[in-house]
Amino acid sequence: MAYDRNNIFARIIRGEIPCSTVYEDDHVLAFKDIEPKRNIHVLVIPKGPYEDMTAFAAQASEAEIVAYIRAIGLVAEKLGVDVDGYRLIANTGANGHQEVPHLHVHIVGGEPVGPMLKAK
Ligand code: 5GP
């Protein structure tokens, strides 16, 4: 599937829509989720046009991949969630219930997030 250049996160990267920035470098932007599901809920996205982790893993440069993984760790430290723990979520595709078609990792924490749930 072709990357949608007008998805909401692409527009945030271009500065067309405001966000509450937590961290930014040449390759990565992290900002607060507009509808936080936990006490701390931050989204970390690459600035490049990658729809999901599969596309990112296959197509991103090594510099982008290194920057992205390092940024996730840096943001967790900056938020202070590294001390008590946190959850990373990367919803992917239809079955993964991904709503925005631009790779994003959710960092959720600031409280116990509970076990992963079995659907049935
Ligand atoms: P997904 O379901 O795709 O994994 O998560 C998308 C996330 O993006 C949701 O948690 C939603 O609250 C967040 N979101 C959607 N639109 C915006 C927006 O315009 N600004 C911010 N900061 N977050 C958004």
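Indexing begins at 1, ligand by ligand and atom by atom, following the structure's order. Positions are given from 1 along the sequence. For the numbers below, each heavy atom of this structure counts, side chains included, while hydrogens, waters and symmetry mates do not. Fair warning: this is a prediction, and the values are worked out from it, not measured in the lab.
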| said: Test: salt bridge (charged side-chain N to carboxylate O under 4.0 Å, His left out). Region: residues 67-83. Which pairs qualify, not counting sequence neighbours? | reply: none

| Val81 with Ile72, same ILVMFWY side-chain cluster at under 4.5 Å | yes

| task | Give the cluster check for Val108 versus Met53: same hydrophobic cluster or not, with ILVMFWY residues linked at side-chain heavy-atom distances below 4.5 Å. | result | no

| said: Within the 4.5 Å heavy-atom criterion, are Leu88 and Ile107 side-chain neighbours or not? | reply: yes

| task | Start with the C-alpha gap between His106 and Asp33, add the side-chain angles, then the distance that decides, and say whether side chain to side chain contact (heavy atoms under 4.5 Å, CB included) holds. | result | CA-CA 8 Å; His106 301 250; Asp33 196 289; 4.1 Å; yes

| field | Centroid-centroid distance, His102 to His104, less than 6.0 Å | value | no

| note | In this structure, atom 8 (O) of ligand 1 is nearest to the protein heavy atom Phe9 CZ, 3.4 Å

| query | With a cut-off of 4.0 Å, which atoms of ligand 1 are near a heavy atom of His104? | reply | 1 (P), 3 (O), 4 (O), 5 (O), 6 (C)

| request: Report, in ascending order of atom number, the atoms of ligand 1 lying under 4.0 Å from any heavy atom of His106. | output: 1 (P), 4 (O), 5 (O), 7 (C), 10 (O)

| said: With heavy-atom distances below 4.0 Å as the criterion, list the atoms of ligand 1 near Ile8. | reply: 19 (O)

| said: Can you name the atoms of ligand 1, numbered from 1 with element, that are less than 4.0 Å from a heavy atom of Lys37? | reply: 10 (O), 12 (O)

| request: Starting from atom 14 (N) of ligand 1, find the nearest protein heavy-atom neighbour and note its residue, name and distance. | output: Ile34 CG2, 3.8 Å

| query | Under 4.5 Å between any side-chain heavy atoms of Val44 and Tyr68, yes or no? | reply | yes

| request: Give the atoms of ligand 1, by number and element, whose distance to some non-hydrogen atom of Val100 is under 4.0 Å. | output: 3 (O), 6 (C)

| task | Taking only heavy atoms of Glu99 into account, list the atoms of ligand 1 that are under 4.0 Å away from them. | result | 1 (P), 2 (O), 3 (O)

| Ligand-side contact atoms (ligand 1) for residue partner Asn91, heavy atom cut-off under 4.0 Å | 1 (P), 2 (O), 4 (O)

| task | Test side chain to side chain contact (heavy atoms under 4.5 Å, CB included) on Phe31 and Ile45 and set out the steps. | result | CA-CA 9 Å; Phe31 53 91; Ile45 67 174; 3.6 Å; yes

| What do the steps show when you test Val42 against Tyr23 for side chain to side chain contact (heavy atoms under 4.5 Å, CB included), and what is the final call? | CA-CA 10 Å; Val42 166; Tyr23 173 86; over 6 Å; no

| task | Mind checking whether His97 contacts ligand 1 via backbone (N, CA, C, O), side chain (CB onward), both or neither, at a 4.0 Å heavy-atom cut-off? | result | backbone

| Got the closest protein heavy atom to atom 22 (N) of ligand 1, with its distance? | Lys32 O, 2.9 Å

| Side chain, backbone, both or neither: which part of Ile12 has a heavy atom under 4.0 Å from ligand 1? | side chain

Show the atom names and distances, to 0.1 Å, of all donor-acceptor pairs under 3.5 Å that link a side chain in residues 11-20 to residues at least two apart or in another chain.
| unit_1 | atom_1 | unit_2 | atom_2 | d |
| --- | --- | --- | --- | --- |
| Arg11 | NE | Glu16 | OE1 | 3.1 |
| Arg14 | NE | Glu16 | OE2 | 2.7 |
| Arg14 | NH1 | Arg5 | O | 2.8 |
| Arg14 | NH2 | Arg5 | O | 3.2 |
| Arg14 | NH2 | Asn6 | OD1 | 3.1 |
| Arg14 | NH2 | Glu16 | OE1 | 3.4 |

| note | Atoms of ligand 1 under 4.0 Å from any heavy atom of Phe31, numbered from 1 in the order shown, are 21 (C), 22 (N)

| Does ligand 1 have an atom under 4.0 Å from some heavy atom of Leu43? | yes

| remark: Closest to atom 12 (O) of ligand 1 among protein heavy atoms sits Asp33 OD1, 2.5 Å

